[in-house]
Chemist: 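Can you read through this structure? Questions will come right after.
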Number of protein chains: 2
Amino acid sequence: MLKTQLKNSKEYQPGLSIDCVIFGFDDNQLKVLLIKTGYDDSWSLPGGFISIDEDIDTAAVSVLQARTGLMGIFLRQFATFGTVGRNQNHFSSDSLAYFGIPPEEEKWYKSRFVTIGYYALVNFSKAIPRIDNPSETVQWVDHHKVPALILDHRAILDRALETLRTELSLMPVGYNLLPEKFTIPDLQKLYETILGRKLDRRNFLRKITAIGILTKLDEKKSNVAHKAPNLYCFDKNKYEEVLKNGLTQGW
Amino acid sequence: MLKTQLKNSKEYQPGLSIDCVIFGFDDNQLKVLLIKTGYDDSWSLPGGFISIDEDIDTAAVSVLQARTGLMGIFLRQFATFGTVGRNQNHFSSDSLAYFGIPPEEEKWYKSRFVTIGYYALVNFSKAIPRIDNPSETVQWVDHHKVPALILDHRAILDRALETLRTELSLMPVGYNLLPEKFTIPDLQKLYETILGRKLDRRNFLRKITAIGILTKLDEKKSNVAHKAPNLYCFDKNKYEEVLKNGLTQGW
DNA sequence: ATACAATGTGTTAATATGACGCAATGTACA
DNA sequence: TGTACATTGCGTCATATTAACACATTGTAT
């Protein structure tokens, strides 16, 4: 949550931070980008502070860009977390010293923080987890196998997933999580993973194609066992159109 | 936005405020509770600051309670607003002096603020608009006739209404906006007002009763022209149940 | 060649939705 | 007093949507 930026605390909006739940899809798993600090090997969501002259949305984009190297990503604010004790006793003086925070800045870091939660959907294959501090680890983790997280990050993650599930029925989400060319079974697995339940193959195909944002390519997936599924891509124009109007149906 | 609380600024979370969009329903109109300050007759959403030792949700409850006298209300955080310039040049030194802010506190008020938006649904007949400063006016305004508002409050209001519309299909909202006993036509008018379009009478009845949260009373509305409609009330238990599971259908 | 696992397409019954018809009720006014 | 009228309550029907399932097709593995 810290090392990405390191200005003087006066240059940041006080008492306010950003935390991002960055989702990716790979190996039929919904993964989340997590960070392990070198100080105490604790895991956390990637986050950062808000420059005093920066929109909160822009700050979120910065965090995302810093961690994944990606731009123009699907990014959405979903909730703000601000119970009183949420970051109480989080930073010890030792840890701040470890992170290179000068003593006169300690008070700022130890004060009460409210955090704005954003979630992002990224194309796993294009995202490169970035480390700007060698003692940090940035890692994709299956959302079923998330370790203990600092502060209330677990609750933030849960809320993000909950939001994603709800929004899945309101808009076509796959576009942001899959590579350019993909198969319908792939897309279905993505939906099943997010929703946490099985869907009927045939009904899924009918519904997803009925939306009208998929283009069937004259190409099949290669190197697969059994029958090779057809490849599809998203029709970006129609996708934008549907995003505006919203979807009606559920899954 | 100010006068509700007036502690020393050090007792508040810096750079962070709460704004509430309080909805009520009366005279077949969806109304919003607005505040006119005595200083320059400008209108704003009721809001306040967050005590350093107070959860943000609690702060929102406080604002609501201070303005409507109501407790145990449906209150929901919907978005956080934080573009850089949103409160730039909002408070002049003159205005702060008018509000009784000592000069040494000016810097705090003039600094950049991020605001957390909450919306509330209240029973109009039970809510008593409260004025804690005689120079202020607290008033219910038809959401179609909202005057110019300060800062980005118009955008906050719009987002709140948008959220309410979406949530209307996800949960039974009427419970919080209507008096204990009400008629189906009343409830329909509420839905129509929120959604901004007409619904078919007969289909509405079918759908709303199918949810199973309404209890038909052995009583008719009195003092009405034409045929007296039956009175209903909400079944609080079933309502809670449905809230948990969520609704599927749309309107 | 044949078994197998997964894909592509079609069918059908149940349910939900939207668009109406019509009788019943209670007030207003001749 | 009784007739017009707006509004309510209940029902019908055609159509759209959904869920559940059958079957032929394809390409790999043995």
Side-chain angles (χ1 to χ4, degrees), chain A residues 27-28 168-172 174 178-179 181-193 195-233 242 245-251, chain B residues 27-28 165 168-172 174 178 181-193 195-233 242 245-251:
Chain A
D27 191 25
N28 285 342
L168 194 63
S169 54
L170 302 173
M171 61 190 186
L178 290 176
K181 297 176 180 180
F182 55 89
T183 69
I184 299 288
D186 280 345
L187 188 56
Q188 181 179 342
K189 270 157 205 152
L190 169 61
Y191 272 71
E192 288 179 340
T193 308
L195 295 174
R197 63 190 167 88
K198 289 279 170 194
L199 300 172
D200 183 275
R201 224 162 36 83
R202 284 113 347 152
N203 295 334
F204 180 80
L205 174 68
R206 179 160 31 83
K207 281 176 135 187
I208 203 81
T209 51
I211 299 174
I213 56 168
L214 296 183
T215 306
K216 189 173 184 175
L217 300 173
D218 195 20
E219 197 178 343
K220 288 179 187 297
K221 196 171 181 180
S222 52
N223 289 332
V224 286
H226 316 299
K227 180 172 179 176
N230 216 303
L231 284 171
Y232 285 77
C233 69
V242 174
N245 304 327
L247 290 179
T248 326
Q249 103 254 33
W251 303 99
Chain B
D27 192 24
N28 285 342
R165 280 188 182 137
L168 194 62
S169 54
L170 302 174
M171 61 191 184
L178 290 176
K181 298 176 180 180
F182 55 89
T183 70
I184 299 288
D186 282 344
L187 188 56
Q188 182 179 343
K189 270 155 205 153
L190 168 62
Y191 273 70
E192 288 178 341
T193 308
L195 295 174
R197 61 187 168 90
K198 289 279 170 193
L199 300 173
D200 184 274
R201 227 163 33 84
R202 292 140 301 182
N203 295 335
F204 180 80
L205 174 68
R206 176 157 36 92
K207 281 176 136 188
I208 203 81
T209 50
I211 298 174
I213 55 168
L214 296 183
T215 307
K216 190 173 184 175
L217 299 173
D218 194 19
E219 197 177 344
K220 287 176 187 299
K221 197 171 180 179
S222 52
N223 289 333
V224 287
H226 316 301
K227 180 171 179 177
N230 216 301
L231 284 171
Y232 286 77
C233 70
V242 174
N245 304 327
L247 290 178
T248 326
Q249 103 253 32
W251 301 101

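To find a chain, count down the sequence lines: A is the first, B the second, and so on, and within it residues start at 1. Keep in mind that the numbers below use all heavy atoms, side chains included, and drop hydrogens, waters and symmetry copies.
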Chemist: Classify B:Lys216 by what it touches in the nucleic acid, base, sugar-phosphate, or nothing, heavy-atom distance under 4.0 Å.
Modeler: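 Sugar-phosphate contact only.
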Chemist: For the atom pair CG (A:Leu231) and OG1 (A:Thr215), what is the distance rounded to the nearest 0.5 Å?
Modeler: 12.5 Å
Chemist: Select one nucleotide: of D:dT8, D:dA6, C:dC20, the one nearest the side-chain heavy atoms of B:Asp200.
Modeler: C:dC20
Chemist: May I have the distance from A:Ile208 (atom CD1) to C:dG8 (atom C1'), rounded to whole angstrom?
Modeler: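 Distance check: A:Ile208 CD1 to C:dG8 C1' gives 16 Å.
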Chemist: How many Å lie between CG on A:Leu205 and P on D:dC23, as a whole number?
Modeler: 20 Å
Chemist: Please report the interatomic distance NZ(B:Lys207) to CD(B:Gln188), rounded to the nearest 0.5 Å.
Modeler: 11.5 Å
Chemist: Could you tell me the separation between the CD atom of A:Gln188 and the P atom of C:dA6, rounded to a whole number of Å?
Modeler: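 For the pair A:Gln188 CD and C:dA6 P, the rounded distance is 12 Å.
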Chemist: Return whichever of B:Lys189 or B:Asn203 has its heavy-atom-nearest nucleotide of DNA chain D closer to the 5' end.
Modeler: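 Taking each residue's closest nucleotide, the earlier one in sequence belongs to B:Lys189.
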Chemist: Respond yes when some side-chain nitrogen or oxygen of B:Lys207 is under 4.0 Å from OP1 or OP2 of C:dG18, and no when none is.
Modeler: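 Checking B:Lys207 against C:dG18: at least one side-chain N or O falls below 4.0 Å of OP1 or OP2.
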Chemist: Please round to the nearest 0.5 Å and tell me the distance separating atom CD1 of B:Ile208 and atom OH of B:Tyr191.
Modeler: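 If we round to the nearest 0.5 Å, B:Ile208:CD1 and B:Tyr191:OH are 4.0 Å apart.
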Chemist: Between P on D:dG9 and CG on B:Asp186, what's the gap in Å once rounded to a whole number?
Modeler: 11 Å
Chemist: Choose from C:dG8, D:dA6, D:dA22 the nucleotide whose nearest atom is closest to any side-chain atom of A:Lys227.
Modeler: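 From the listed options, C:dG8 comes nearest.
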Chemist: Report the distance from atom NZ of A:Lys189 to atom CZ of A:Phe204, rounding to the nearest 0.5 Å.
Modeler: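 It comes to 11.0 Å.
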Chemist: Test for a donor-acceptor pair under 3.5 Å between the base of C:dG18 and the side chain of B:Arg202, counting only N and O atoms.
Modeler: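 Counting by modelled atom types and ignoring angles, no donor-acceptor contact under 3.5 Å is found here.
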Chemist: Which nucleotide in the list D:dA19, D:dG9, C:dG8 gets nearest to the side chain of B:Pro185?
Modeler: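 Nearest listed nucleotide: D:dG9.
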Chemist: Rounded to whole Å, please give me the gap between CG in A:Leu231 and P in C:dA6.
Modeler: 18 Å
Chemist: Report yes if a donor N or O on one partner sits less than 3.5 Å from an acceptor N or O on the other, where the partners are the side chain of B:Arg206 and the base of D:dG9; otherwise report no.
Modeler: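 Under the 3.5 Å cut-off, the side chain and the base do not form any donor-acceptor pair.
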Chemist: Taking atom types as they are modelled, is there a donor-acceptor pair under 3.5 Å from the base of D:dG9 to the side chain of B:Arg201?
Modeler: yes
Chemist: Tell me the interatomic distance from B:Phe204, atom CZ, to D:dT7, atom P, rounded to whole angstroms.
Modeler: 17 Å
Chemist: What integer distance in Å separates B:Lys221:NZ from D:dG9:P?
Modeler: 11 Å
Chemist: Using the rule side chain to side chain contact (heavy atoms under 4.5 Å, CB included), only one of A:Ile184, A:Thr183, A:Asp186 pairs with A:Pro229; which is it?
Modeler: A:Thr183
Chemist: How long is the line joining NE2 of A:His226 and P of D:dA29, in whole Å?
Modeler: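 About 8 Å, once rounded to whole Å.
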